[in-house]
Amino acid sequence: MAAEKELKNKGGDKYSLIVPTYNERLNIALLVYLVFKHLRNVDFEIIIVDDGSPDGTQDVVKQLQQVYGEDRILLRARPKKLGLGTAYAHGLKHASGNFVVIMDADLSHHPKYLPAFIKKQQETGASIVTGTRYITGGGVHGWNLMRKLTSRGANVLAHTLLWPGVSDLTGSFRLYRKLVLEDLINSCVSKGYVFQMEMIVRASRKGYRIEEVPITFVDRVFGSSKLGGSEIVEYLKGLAYLLVTT
Amino acid sequence: MKHIFKIITLLVAISALWIGLLQMSLVPRSHTWLLPIYFIVSLGCYGLLMVGIGLMRFPTCPQEAALLQQDISEANEFLKQRGVDVGSD
Ligand SMILES: Nc1nc2c(ncn2[C@@H]2O[C@H](COP(=O)(O)OP(=O)(O)O)[C@@H](O)[C@H]2O)c(=O)[nH]1
Ligand SMILES: [Mg+2]
């Protein structure tokens, strides 16, 4: 990647990548390999917050620590499945970088975009750089018509009602200044997709500078999605909640 | 200001405009009475149109799926050499 070569280690910036996992045995090693491949001249650590996955995710992480070093790959596990929002907060407590990247383990968030996030932040000084699928250069692969329809509907509704100022509200591939993420996590209470939306809407209301970079999103190849059930209802409740609280 | 109040303010402003129109009766009353219905209908149309356009122009990236497959086999090869268990399915 062109962006990769131009990356400079400005002023000793360090990036902590927080990756929550639940049953991601087949994905986590691939993810770690790709992160190391694409972040060559960058000071970073990967913090894996595993919620006691029964599929042996943690065993793979320990093998990865042997290959890449325990100082680069931190396993900060929790005993049982406690949800995503608290997983980020947990990982954040152990982060030693001044920037934090949040990404999924399922390879829907491809590490090849990391240099673009970092470069964008360096160029603009933004507090948050968020990956968006809905501007030129972005895209999605592997969604059926129904999935696309709900996604578009949700987006139009949220934009009409909330005027958030960012194009992709529910994406969760983002880079934050650590202090900003701490501030946001402390003021956000939602769960699931709504959590991602609440984070970015609150950030925008608080006046943090937010920049976007295009990303492509390929639906997971291995494993299965953990967010399910009555998502639409939850989403509508979340919208209403954000309307009255932000 | 909570966002809901911004929206309410906007709605109040629009209603005030409407009532003003009713009172001045520049246009025939029967037309003015129907304005809120037009408003709601056009809002609905706007929503449907935006979703429709969004669906038609939904950005897809089939080539990315192929690239990802390449990355996966490259990663698997490296990881196997280093003795990381990458599964076989
Ligand atoms: N630690 C932790 N990680 C989770 C939990 N639920 C989901 N994840 C992880 O969060 C990421 C996104 O979840 P995923 O199921 O892919 O959601 P989707 O992409 O929205 O369908 C993946 O890396 C999951 O392994 C949880 O309860 N705890
Ligand atoms: Mg996923």
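Chain identifiers are assigned alphabetically (A, B, ...) following the order of the sequence lines, protein sequences preceding nucleic acid strands; residue numbering begins at 1 within each chain. Below, each value reflects all heavy atoms present in this structure, side chains not excepted, and no hydrogens, waters or symmetry copies.
Between chain B and the residues Thr245(A), Val140(A), Leu161(A), the most heavy-atom pairs under 4.5 angstrom are made by Val140(A). Comparing Thr160(A), Asn155(A), Leu149(A) by heavy-atom pairs within less than 4.5 Å of chain B, the highest count is held by Leu149(A). Across His110(A), His159(A), Arg133(A), the residue that shares the most heavy-atom pairs under 4.5 angstrom with chain B is His110(A). Interface remark: of the candidates Lys62(A), Gln66(A), Arg205(A), Arg205(A) forms the most heavy-atom pairs closer than 4.5 Å to chain B. Of the residues considered (Leu157(A), Val244(A), Val60(A), Val221(A)), Val244(A) shows the highest number of contacts with chain B, using heavy-atom pairs under 4.5 Å.
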Derivation of the side-chain contact (heavy atoms from CB on, under 4.5 Å) call for Ser108(A) and Val218(A): CA-CA 5 Å; Ser108(A) 297; Val218(A) 178; over 6 Å; no

side-chain contact (heavy atoms from CB on, under 4.5 Å) assessment of Val166(A) paired with Thr132(A): CA-CA 9 Å; Val166(A) 280; Thr132(A) 174; over 6 Å; no

Worked check of side-chain contact (heavy atoms from CB on, under 4.5 Å) between Glu64(B) and His141(A): CA-CA 8 Å; Glu64(B) 289 297 324; His141(A) 177 80; 5.6 Å; no

Audit row: Arg25(A), Asp85(B), side-chain contact (heavy atoms from CB on, under 4.5 Å) steps and yes/no: CA-CA 9 Å; Arg25(A) 182 174 62 92; Asp85(B) 171 23; 4.0 Å; yes

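In terms of heavy-atom proximity, Thr21(A) sits nearest to Ala105(A) at CG2-CB, 3.6 Å. Residues Met197(A) and Ala158(A) approach most closely at SD-CB, 4.3 Å, considering heavy atoms. Among all heavy-atom pairs drawn from Glu198(A) and Val189(A), the shortest one is OE1-N, 3.2 Å.
Contact annotation for residues 67-82 of chain B against chain A (heavy-atom separation below 4.5 Å, listed by residue number): Leu67(B), Leu68(B), Gln69(B), Asp71(B), Ile72(B), Glu74(B), Ala75(B), Asn76(B), Phe78(B), Leu79(B), Arg82(B). Contact annotation for residues 28-47 of chain B against chain A (heavy-atom separation below 4.5 Å, listed by residue number): Tyr46(B), Gly47(B).
Aromatic ring centres of Tyr113(A) and Phe173(A): separated by at least 6.0 Å. For Phe36(A) and Phe44(A), the ring centers sit closer than 6.0 Å to each other.
Contact of Trp163(A) with chain B is made through backbone and side chain together, with heavy-atom distances under 4.5 Å. Contacts of Leu107(A) with chain B are made by both backbone and side-chain atoms, with heavy-atom separations under 4.5 Å.
One side chain, Ser167(A) or Glu212(A), offers a donor N or O that lies under 3.5 Å from an acceptor on the other. No hydrogens or angles considered: a donor-acceptor pair under 3.5 Å links the side chains of Thr130(A) and Arg174(A).
Shown are Asp106(A), Asn27(A), Asn23(A); of these, the side-chain contact (heavy atoms from CB on, under 4.5 Å) with Phe222(A) is made only by Asn27(A).
Residue Gln58(A) holds its CD atom at 9.0 Å from CG of Asp51(A), rounded to the nearest 0.5 Å.
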